[in-house]
Each structure stands twice: as C-alpha cells, then as structure tokens.
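I have placed the structure first, in the form of structure tokens, so that the comments after it can refer back to it.
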Amino acid sequence: MGESEITAVYADAAHVPPPAGAASSLPPPTVARRRFLADSTLAEVLAWALSAVPPPQQVVVADVTRHPPRVLRGGADDGAPSPGRTLQSLGWYPSGRLAVLPGGDGDGTA
C-alpha cells in the first residue's frame, strides 16, 4: 500500500484570520509534515498531531483537506469519523491537511 503525507498546521489564538482587507504582521503558524502508510488509522494521526501540543492545552483538530472543514473528535457518536478508520478511507491518500486550533471541550482532541 502507498503512503499519505499528512500536514498539520498549528495555530494559536493570535493566528485567527484578520477581517477581510486587514493586513496581518503575524509570523506564519507552525507546520509539521509526516508520511503515514495509507492503511494507518485516524487514531495514529491524531496521536502524532497532538504530540506537539503542550498539555493541558485544549485544542480542536479539524480536517481541512476539503471544504467545509470537519472537526475530528475521534468518536463516531458525534458525527466525527471513527478513530479506527484508515487514511485512505478518509480521503487522505495521497495527502491530507489538519488544522490544530486552540479551544475544545477539554479532552485534548476537540
């Protein structure tokens, strides 16, 4: 099976986009990339993406590969994909993009 390149963009509250037409002098957010096998699971990708977040910071992880973005909470009961789904089944083959943003409900994943 092939590989998927996953890109995670880490933004803090300062990186909330400015209003339309407003200039921003902020440095760009941090970006991390890693290759996973296409049959790797969402749980593996979330563990990697969240490993760069200092605890106990609360974050939201969203799939921004396509529009509209989809919040990833790691559970099927809230409409988010199951953590056992593969990257290929999520449409992240050959690549996917995640946004890691401040906020969430306190469980560390969303």
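Heavy-atom basis, side chains included; hydrogens, waters and symmetry copies ignored. Count residues from 1 along the sequence.
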When the ring centroid of Trp48 is compared with that of Phe36, is the distance short of 6.0 Å? yes
May I ask you to list the residues sharing a hydrophobic cluster with Val31, side-chain cutoff 4.5 Å, ordered by chain and number? Val9
Worked check of side chain to side chain contact (heavy atoms under 4.5 Å, CB included) between Thr7 and Arg33: CA-CA 5 Å; Thr7 302; Arg33 288 183 177 83; 3.5 Å; yes
Search all heavy atoms of Ser4 against all heavy atoms of Ala38 and return the closest pair with its distance. OG-CA, 3.9 Å
Beyond-backbone contact of Pro83 with Leu46, side-chain heavy atoms, under 4.5 angstrom: no
How would you list, by chain and number, every residue that makes a side-chain contact (heavy atoms from CB on, under 4.5 Å) with Pro69, sequence neighbours excluded? Val64, His67
Taking only residues two or more places apart in sequence, or in another chain, which ones meet Glu44 in a side chain to side chain donor-acceptor pair (under 3.5 Å)? Thr41
Checking Ser40 now: which residues fulfil side chain to side chain donor-acceptor pair (under 3.5 Å) with it, not counting sequence neighbours? none
Value rounded to 0.5 Å, distance of CG in Leu37 from CG in Leu87: 9.0 Å
Residues in side chain to side chain donor-acceptor pair (under 3.5 Å) contact with Arg35, at least two apart in sequence or another chain: none
Can you give each donor-acceptor pair under 3.5 Å made by side-chain atoms of residues 95-103, sequence neighbours left out, with the distance rounded to 0.1 Å?
none

Pairwise side-chain contact, Tyr10 with Val59, heavy-atom cut-off 4.5 Å (strictly under): no
Residue that, paired with Val61, satisfies side-chain contact (heavy atoms from CB on, under 4.5 Å) out of Val45, Leu42, Leu50, Val71: Leu50
